[in-house]
Amino acid sequence: VHLTESGGGSVQIGGSLTLSCAASGYTNRPNFMAWIRQAPGKKREGVAAIQPMTGTSYYTDSVKGRFTISHDNAKNTVFLQMNNLKPEVSTAYYCAAKLNGVDWYHDDYDHWGQGTQVSVYA
């Protein structure tokens with residue numbers, strides 16, 4: 001199983017970025033696909049998740065209304081559209097997959113990507 005992220009980079013305050021995560025090697029579609037971020041020295045934080053089989057999405061409160069997670073089932077790719085970016089969201093973002101879990105917020109994901117860096121500057 002491989003998760004390959006792309007789309008990170010540097011953007012000015014108020015700008016937008018779209019992260020992509022291409023998944024391969026699955027026999028069955030994961031129950032949750034998520035974007036999780038971790039700043040140096042801090043705990044991992046779930047940003048958003050989606051259930052590919054139903055399209056149901058979930059967000060942490062701080063990004064509601066600004067971030068949108070989506071999934072292209074034909075391409076096995078998850079996207080995170082991030083708008084109105086602020087410096088405090090600058091960190092590494094990881095794509096993760098949970099095969100059989102019942103919720104998205106517990107940090108028990110089965111597979112992880114290598115991470116992509118997001119930097120927001122003034």
Side-chain angles (χ1 to χ4, degrees):
V1 174
H2 295 282
L3 301 176
T4 305
E5 300 107 329
S6 60
S10 296
V11 64
Q12 203 166 16
I13 288 176
S16 300
L17 283 174
T18 300
L19 306 183
S20 300
C21 172
S24 61
Y26 286 107
T27 301
N28 297 310
R29 192 163 288 148
N31 199 17
F32 293 93
M33 295 290 296
W35 288 97
I36 296 170
R37 61 190 177 193
Q38 185 171 25
K42 295 189 176 181
K43 291 176 61 176
R44 288 193 292 219
E45 177 192 18
V47 177
I50 191 166
Q51 292 186 269
M53 287 183 282
T54 65
T56 305
S57 57
Y58 309 86
Y59 299 92
T60 192
D61 286 345
S62 64
V63 306
K64 286 180 181 177
R66 297 188 298 117
F67 290 13
T68 303
I69 190 169
S70 60
H71 185 262
D72 184 331
N73 286 345
K75 297 181 179 180
N76 287 328
T77 301
V78 177
F79 303 96
L80 184 68
Q81 173 70 41
M82 305 185 293
N83 297 325
N84 191 19
L85 287 167
K86 303 175 183 180
E88 53 263 36
V89 307
S90 298
T91 189
Y93 284 70
Y94 299 87
C95 177
K98 187 179 296 189
L99 300 180
N100 299 305
V102 298
D103 61 63
W104 78 280
Y105 46 85
H106 284 108
D107 192 10
D108 56 346
Y109 283 80
D110 300 291
H111 302 288
W112 294 80
Q114 81 285 355
T116 186
Q117 185 70 32
V118 171
S119 298
V120 184
Y121 60 90

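Within the 4.5 Å cutoff, the side chain of Leu85 has heavy atoms near those of the Phe67 side chain. Put simply, the side chain of Ser119 does not reach to within 4.5 Å of the side chain of Tyr121, judged on heavy atoms. Contact of the Val78 side chain with the Ile69 side chain is registered, since non-hydrogen atoms from C-beta on lie closer than 4.5 Å.
Distance check, rounded to the nearest 0.5 Å: CZ of Arg66 to OG1 of Thr68 gives 11.0 Å. Here His71 contributes atom NE2 and Asn76 contributes atom CG; the two are 5.5 Å apart, rounded to the nearest 0.5 Å.
Ala97 and Tyr109 make their closest contact through C-CD2, 3.5 Å (heavy atoms, listed as atom of the first residue, atom of the second, distance). Of all heavy-atom pairs between Asp110 and Asn100, the closest is OD2-N, 4.4 Å. For the residue pair Leu3 and Ala23, the shortest heavy atom distance occurs at CD2-CB, 3.6 Å.
For Ser90, the side-chain hydrogen bond (donor to acceptor under 3.5 Å, both in side chains) criterion is met by no residue, not counting sequence neighbours. Partners of Tyr26 under the ring pair (Phe, Tyr, Trp, His ring centres under 6.0 Å) rule, at least two apart in sequence or in another chain, are His111.
Here the rule is side chain to side chain contact (heavy atoms under 4.5 Å, CB included) with Val118, and of Thr91, Leu19, Leu80 only Leu19 fits it.
The stretch residues 90-106 participates, sequence neighbours left out, in these salt bridge (charged side-chain N to carboxylate O under 4.0 Å, His left out) pairs: Lys98-Asp103, Lys98-Asp108. Sequence neighbours left out, the pairs with a member in residues 55-64 that pass salt bridge (charged side-chain N to carboxylate O under 4.0 Å, His left out) are Asp61-Lys64. Judged as a side chain to side chain donor-acceptor pair (under 3.5 Å), the pairs with a partner in residues 5-25 (not counting sequence neighbours) are, in order, Glu5-Gln114, Ser16-Asn83, Thr18-Gln81.
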Less than 3.5 Å apart, which donor and acceptor atoms pair up between the side chains of residues 31-53 and the rest of the protein, not counting sequence neighbours?
| residue | atom | partner | partner atom | Å |
| --- | --- | --- | --- | --- |
| Asn31 | OD1 | Gln51 | NE2 | 3.2 |
| Asn31 | ND2 | Gly101 | O | 2.5 |
| Arg37 | NE | Glu45 | OE1 | 2.8 |
| Arg37 | NH1 | Tyr93 | OH | 3.0 |
| Arg37 | NH2 | Glu45 | OE1 | 3.2 |
| Gln38 | NE2 | Lys42 | O | 3.0 |
| Arg44 | NE | Asp107 | OD2 | 2.9 |
| Arg44 | NH2 | Asp107 | OD1 | 3.4 |
| Arg44 | NH2 | Asp107 | OD2 | 2.9 |
| Gln51 | OE1 | Tyr58 | OH | 2.5 |

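In terms of hydrophobic clustering, with Ile, Leu, Val, Met, Phe, Trp and Tyr side chains grouped at heavy-atom distances under 4.5 Å, Leu99 and Tyr105 are assigned to different clusters. Placement of Tyr94 and Trp104 within a single hydrophobic cluster is found when ILVMFWY residues are connected by side-chain heavy-atom separations under 4.5 Å, directly or transitively.
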